[in-house]
Protein chains: 2
Amino acid sequence: MSITIKDIAKIANVSITTVSLILNNKCHNIGEETIKRVRSIIEEHNYRPNALARGLITSKTRTIGLLVPNITNQFFAEITKGVEDGLSEHGYNVFLCNSYNDIDKEKQYIRVLKEQRVEGVILSSTNTVTQDYYSYLKEQGVAFVLLDRHASEPLNNGIIVDDRKGGFLAAQHLLELGHRKIGCLVESTGLCNIDERLHGYKDALAQYGVPYEEKFVVSGELTIEGGCQAAIKLIEEQIVTAIFATNDLMAIGVYEAAIQLGKRIPEDISVVGFDDISFAHYLTPKLTTVRQPIYEIGRRAAANLIYILQNKLYMPSTEVLDVELIIRNSTSSPR
Amino acid sequence: MSITIKDIAKIANVSITTVSLILNNKCHNIGEETIKRVRSIIEEHNYRPNALARGLITSKTRTIGLLVPNITNQFFAEITKGVEDGLSEHGYNVFLCNSYNDIDKEKQYIRVLKEQRVEGVILSSTNTVTQDYYSYLKEQGVAFVLLDRHASEPLNNGIIVDDRKGGFLAAQHLLELGHRKIGCLVESTGLCNIDERLHGYKDALAQYGVPYEEKFVVSGELTIEGGCQAAIKLIEEQIVTAIFATNDLMAIGVYEAAIQLGKRIPEDISVVGFDDISFAHYLTPKLTTVRQPIYEIGRRAAANLIYILQNKLYMPSTEVLDVELIIRNSTSSPR
DNA sequence: CTGAAAGCGCTTACAG
DNA sequence: CTGAAAGCGCTTACAG
């Protein structure tokens, strides 16, 4: 149905080799006259080479897969944008896949992406990437970079941020304000990032000589609802004057919980989040949070993948981006 | 490198025809014994057919393109999710493309998607789809459905919501509360949706016998910043007691403007938005807004495209989904 | 400077 | 019940 290279060749009265060479700018030895003529015919007929046929023969599909837990989370939407920008500059297109935190769905998608012969996949896995899973990925025979995920060991070709420092910064800020009873909202499935943030929180407590109390750490889903439930549980059972939520969605949940329990932020409870999604700035009060360079994470992941594809070798190590504490209005000294 | 159908055939000691037939479940006439053996070999070697080769021959790539202005806008993130869910159920994968409201980028992407031989594209165009552009799309020879966009004429194969009713509902609510000086924040590039919402606003004014005043309508970008700037301009120049922002991001901008100008919502100014993105619920005060079934829009678009692909005919008309006014705390009677 | 031919990995009539 | 062969639309040595 669509016009093919054969048609163009016939119209131009040359061989398909010639057309192909021109198409791929390998036409050093072809007559200028011919080139011009063929080009104009291509133009005129709005001919576009079939990427499938091309991919079949070159194994270059100019296609990559991006696998995230949920595009609806602002954090991943922003990352996705970074990935797409970084990739499209190099002529790559992206298959978007949501795993919905379902590891089976994730594996299923990896299989489909392989079928589609993507050149690589950028993966923000549902789980922490264990050695086993890492091996599994390697076996798949596609290049990949881990996004916002630590691999448990041979920490390579990934992009992460300094989560531990972020957790430290958050807790330090609260400690400096004079808080001593600081709750922490985490997630239970053992995502490394969250563990690291909790680790940083503990580091800060230790540095300020405040004993770590397990009862101050409550887990829930990394969503608004999850944060709200966890915060209610924490506030009802313990006397905390501040809460460090290990992501911004949970922090929003704390705001909700505060409304329901009749507490004011920051007068009754100070709140610090993590991520700095764009809405953090539009909450009332504006959220104090640890900023990750979200868009940049996406771009770097794209850049790393391009590097791997072009050089056929993996990066030596995981790249660690810096974080920064953004102080706004959700924190103050305890009364 | 990857294992092929030929390898499987050789190992199983059958022809590649047989393997292919089994792969495609067209094996009515093949011995059970053979089927089992081949299946287990496929399993064992983790063989997956090359989608490129398959697509080349069948022209079924099981692939579609989704083109949105900006995935970072919650509205489109939610739609994207709906599209992906609706499509993946039918075994389709989606290429995600952000046009960033750049019509050239949009056309560029359509070309690339064509090259990739997507079976169809779901398009939320930057512009209102004019007759000319509609023809252009048709010429591309890919099936497409228009998402959240009216085609100016032969209104077909699209999904939209009842924007005019939505605008009416928003204004009616404010009028019922007793407001008579109601500002309206719109967008200037002439996006149909916004025009329709403005239309509904005028309808309501007319019905309540309130004269329409052009000076109450200010335009800006459909973003938080755009809404903020437009609101500041409106509030400084006119005495309005309420503002209808034609999307939620602009409404958030009004909140910002209110802070900057020392106005309280809803005491000094009532605000109504449009979309009901999830954050509308977490603003302070919670935003009164016109809810669109965002996720559903995405799913329907996917369903429509599947329908078109399976039946090789376009839907007779644009599907119009209903909207609903969600009254929360950003509106009250004027003082 | 240009073309004929092989081949990428599949599917699908067709033949037996 | 199974296989040989043509062909999808390209690219790329190789030959001239």
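Lettering of chains follows the sequences in order, A, B, ..., and the numbering in each one begins at 1. All values derive from a computational prediction rather than experimental measurement.
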Quick one: B:Lys26 NZ to C:dT11 C1', roughly how many Å, whole number? 7 Å

Quick one: which of C:dC10, D:dT2, D:dC10 gets closest to the side chain of A:Thr4? D:dC10

Under a 3.5 Å cut-off on both pairing distances, which runs of 3 or more consecutive Watson-Crick or G-U pairs involve DNA chain D? C:1-3 with D:14-16, C:5-12 with D:5-12, C:14-16 with D:1-3

A cation-pi test, strictly: NZ or CZ of A:Lys81 under 6.0 Å from the centre of the six-membered ring of A:Phe76 and no more than 45 degrees from its axis. Yes or no? no

What integer distance in Å separates B:Lys60:NZ from C:dG9:P? 23 Å

I'd like to know if the side chain of B:Ser20 reaches the main chain of B:Ile16, judged simply by a donor and an acceptor atom lying under 3.5 Å from each other, with no hydrogens or angles considered. no

Check whether the side chains of A:Glu78 and A:Thr80 place a donor and an acceptor atom closer than 3.5 Å, and report yes or no. no

Distance-only side-chain donor-acceptor flag, A:Glu187 / A:Thr189, under 3.5 Å: yes

Measure the acute angle between the ring planes of B:Tyr134 and B:Phe144, then classify it against the limits of 30° and 60° as parallel, tilted or perpendicular. perpendicular

Would you say D:dC10 has OP1 or OP2 under 4.0 Å from some side-chain N or O of A:Tyr47? yes

What I want to check is whether the side chains of A:Asp7 and A:Tyr47 have a donor and an acceptor closer together than 3.5 Å. no

Rounded to whole Å, please give me the gap between CD1 in B:Ile5 and P in D:dA4. 14 Å

Between C:dT11 and B:Ser20, is there an OP1 or OP2 to side-chain N/O distance shorter than 4.0 Å? yes

Interatomic distance, A:Glu115 CD vs C:dG9 C1' [rounded to whole Å]: 13 Å

Here the distance between atom C1' of C:dT12 and atom CD1 of B:Ile16, to the nearest Å, is 11 Å

Rounded off to whole Å, could you give me the NZ-to-C1' distance for the A:Lys6 and D:dC8 pair? 9 Å

Of the candidates C:dT12, D:dT12, C:dC8, the side chain of A:Thr17 sits closest to D:dT12

B:Leu21 CG to D:dA5 P, in whole Å, measures 18 Å

Nearest to the side chain of B:Leu56 - D:dT12, D:dC10, D:dC8? D:dC8

Is there a side-chain polar atom (N or O) of B:Asn24 under 4.0 Å from OP1 or OP2 of C:dT11? yes

Decide whether A:Asn93 and B:Tyr109 meet the rule of one side-chain donor and one side-chain acceptor closer than 3.5 Å. no

Contact between B:Asn101 and B:Glu106 at the side-chain level, heavy atoms closer than 4.5 Å - yes or no? no

5' priority, DNA chain D, between B:Ile30 and B:Ile57 [closest heavy atom]: B:Ile30

Nearest-nucleotide check on DNA chain D, B:Ala53 vs B:Gly31; residue mapping nearer the 5' end is B:Gly31

Length of the CG-C1' vector between B:Leu52 and C:dG7, whole Å: 15 Å

Nearest to the side chain of A:Thr18 - C:dT2, C:dT12, D:dC10? C:dT2

Among D:dT12, D:dC10, C:dT11, find the nucleotide with the atom closest to the side chain of B:Arg117. D:dC10

